Amino acid sequence: MNARPALPRLRVAHLFLMTALYFCSAGFQFQFPRDVLSMGGTAQQAGLLVSLGLIPALLLAKSIGEWNRLAGGRWPAVLGGLVVILSNVLMLTADHVGGWMVALRLLFGVGHMLMSITLFAQAAFLVEDPVQRATIIGWQAVTTQLGNAIGGTVGEHAYHYGATAFWLGSCGFALLAAILAACWTVKPKAAPVAAPTDVPVKFGWPPEVWGIVAIAMAFSAVTQFIPPFVDHLVSSGEAKPFAASWFVTSALLMIASVRLVGSYYASRLLHPAVLKICHGVLLAALLAVPWMHTQYQAVFLGLAFGMTYGWLYPALNALAFNRLPAEARGKVAGWMVTAYEIGFRLSPIGFGALISYSGYRAMFFGIVMTYCVILLVSWKADKRYLVAAGA
């Protein structure tokens with residue numbers, strides 16, 4: 001049996017440290033809606049400002065991915081870090097919700113796309129072995145989650161010390177990430193041009209993109225709407241008081257654990273049957289949420305959701321990269337990040353409408369139905385993809 005090549009451990013550590021520092025900076029953004037409210041803005045305005053990140057994602061994702069493929073990740077990441085720092089520093093000049101803040105959020109979105117797509121793409125370029133690639137992507141997903149957790153916690157404390165401490169604290173982490181990016185020397189090797197049967201000509205969009213949209217939608221619902229749903233249960237007298245964090249924290253801890261452990265068994269866990277089970281358990285957990293009335297039920301459902309979502313995200317990303325040769329991975333990296341942004345940021349618009357007109361239970365049923373429709377689209381796309389590829 002052929003042994004796999006040794007992992008480039010120093011390069012992997014360099015990438016993970018850069019990832020952790022940047023997402024520590026990005027974790028500060030969890031406090032942004034509070035900042036908008038403190039300026040006299042509304043929750044709706046805060047949500048719209050957050051959704052502005054979709055515009056740079058849709059416009060720039062493919063170009064950023066190709067830049068990474070052609071020139072390596074150093075300069076895209078350095079530029080991204082500097083743009084993030086500039087937008088955060090200029091936020092100190094914003095004192096109300098208006099056109100200036102819209103411009104700054106768009107500027108931040110550009111920097112965030114440059115950084116996040118580069119980090120993601122470079123993970124795909126580090127190794128050629130499919131299982132090792134899945135392992136690195138899984139580890140990077142854990143690093144991202146930990147960075148967000150640290151940044152979210154530090155950012156909340158910094159927020160209470162005022163705008164200067166808050167925005168400059170975020171800049172500090174982004175600056176460290178940019179410095180590490182300037183030292184990044186890994187450049188993808190030139191790959192031979194693939195034969196026409198190796199890469200589909202017409203159906204180049206990997207079907208896993210649709211799966212990413214679906215799980216991002218589910219994660220958005222859980223992180224943003226479980227807390228108000230629990231408040232609704234308590235205020236309506238349907239349940240005794242309990243904290244929504246019983247669900248959310250359990251899910252987040254399980255996500256990190258599954259990604260860490262799953263990365264060691266990627267060769268087995270990338271099997272289609274495993275992914276089908278994960279989709280099924282995730283849908284069952286969402287269907288059960290409307291009947292969640294105690295912290296014990298919340299912990300159980302949170303663990304079930306975290307266990308399945310935790311593996312689906314890195315697995316779908318790894319499978320998408322493994323379908324294509326190196327020259328296509330930059331473009332795919334842009335697509336996958338954009339797909340997640342679409343699922344996470346656009347879906348709350350529909351969720352909010354369902355809650356307003358039909359209530360929380362209808363929203364969770366609507367999520368499950370939409371998720372199933374997206375999976376059907378993914379299945380159809382996969383069949384077309386295989387036919388186009390000559391598989």
Side-chain angles (χ1 to χ4, degrees), residues 21-68 75-120 147-148 151-152 155-156 158-159 161-178 181 216 220 224 334-335 337-349 352:
L21 288 170
Y22 174 68
F23 281 99
C24 280
S25 173
F28 275 61
Q29 300 296 323
F30 294 161
Q31 309 303 316
F32 177 71
R34 297 172 97 184
D35 200 39
V36 173
L37 295 174
S38 71
M39 295 181 186
T42 65
Q44 184 178 12
Q45 288 175 323
L48 289 173
L49 286 168
V50 170
S51 70
L52 288 174
L54 266 181
I55 297 175
L58 294 172
L59 293 177
L60 301 176
K62 181 178 178 180
S63 298
I64 295 171
E66 285 296 283
W67 189 10
N68 270 267
W75 298 119
V78 169
L79 179 60
L82 295 178
V83 171
V84 166
I85 291 169
L86 177 62
S87 68
N88 286 349
V89 170
L90 291 177
M91 277 298 297
L92 291 170
T93 67
D95 56 4
H96 69 281
V97 178
W100 178 234
M101 186 174 284
V102 169
L104 292 180
R105 296 313 295 172
L106 287 172
L107 182 65
F108 172 79
V110 171
H112 180 66
M113 284 298 102
L114 281 163
M115 254 299 190
S116 57
I117 291 175
T118 295
L119 294 169
F120 188 53
N148 273 328
E156 185 168 7
Y159 180 80
Y161 285 94
T164 301
F166 176 75
W167 290 111
L168 293 185
S170 180
C171 288
F173 283 112
L175 178 61
L176 291 174
S220 178
Q224 297 182 66
W335 283 346
V337 172
T338 301
Y340 191 89
E341 292 289 311
I342 290 172
F344 188 87
R345 296 184 187 276
L346 279 188
S347 57
I349 298 174

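Along the sequence shown, the residues carry numbers beginning at 1. Values in this document were obtained by computation on a predicted structure and should not be read as measured data.
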Student: Does some side-chain heavy atom of His96 sit less than 4.5 Å from a side-chain heavy atom of Met101?
Tutor: no

Student: Hey, could you give me each pair passing side-chain hydrogen bond (donor to acceptor under 3.5 Å, both in side chains) that has a residue in residues 53-66? Not counting sequence neighbours.
Tutor: Glu66-Arg69

Student: By side-chain contact (heavy atoms from CB on, under 4.5 Å), which residues pair with Leu176, not counting sequence neighbours?
Tutor: Leu21

Student: Which pair of non-hydrogen atoms, one from Val337 and one from Ser116, has the smallest distance, and what is that distance?
Tutor: CG1-OG, 4.1 Å

Student: When rounded to the nearest 0.5 angstrom, what is the spacing between SG in Cys171 and CG in Leu92?
Tutor: 7.5 Å

Student: Apply the test side-chain contact (heavy atoms from CB on, under 4.5 Å) to residues Leu119 and Phe23: give CA-CA distance (whole Å), side-chain angles for both, the deciding distance (0.1 Å), then the verdict.
Tutor: CA-CA 11 Å; Leu119 294 169; Phe23 281 99; 4.0 Å; yes

Student: Any heavy-atom pair between the side chains of Leu90 and Trp167 that's under 4.5 Å?
Tutor: no

Student: Identify every side-chain donor-acceptor pair in residues 105-115 under 3.5 Å, counting partners at least two apart or on other chains, and give the distances.
Tutor:
residue : atom : partner : partner atom : Å
Arg105  : NH1  : Gln29   : OE1          : 3.1
Arg105  : NH2  : Gln29   : OE1          : 3.1
His112  : ND1  : Tyr22   : OH           : 2.7

Student: Which value, rounded to the nearest 0.5 Å, describes the distance between Thr338 atom OG1 and Leu54 atom CG?
Tutor: 8.5 Å

Student: Can you name the nearest heavy-atom pair linking Ala77 to Ala181, along with the distance?
Tutor: CB-CB, 3.5 Å

Student: Mind checking the CG-CZ spacing from Leu168 to Phe28? Nearest 0.5 Å is all I need.
Tutor: 10.0 Å

Student: Under the side chain to side chain donor-acceptor pair (under 3.5 Å) rule, collect the residues that match up with Trp75, sequence neighbours excluded.
Tutor: none

Student: Can you check side-chain contact (heavy atoms from CB on, under 4.5 Å) on Leu60 and Ile117, steps first, answer last?
Tutor: CA-CA 10 Å; Leu60 301 176; Ile117 291 175; over 6 Å; no

Student: Find the distance between OH (Tyr159) and CG (Asp35) and round it off to the nearest 0.5 Å.
Tutor: 5.0 Å

Student: Begin from the C-alpha positions of Thr118 and Trp67 and carry the test side chain to side chain donor-acceptor pair (under 3.5 Å) through to its verdict.
Tutor: CA-CA 9 Å; Thr118 295; Trp67 189 10; over 6 Å; no

Student: Among all residues two or more places apart in sequence or in another chain, which pass the side chain to side chain donor-acceptor pair (under 3.5 Å) test with Ser170?
Tutor: Ser25, Asn88

Student: Could you work out, with side chain to side chain donor-acceptor pair (under 3.5 Å) as the rule, every residue matching Thr164, not counting sequence neighbours?
Tutor: none

Student: Do Leu49 and Val97 touch side chain to side chain, with heavy atoms closer than 4.5 Å?
Tutor: yes

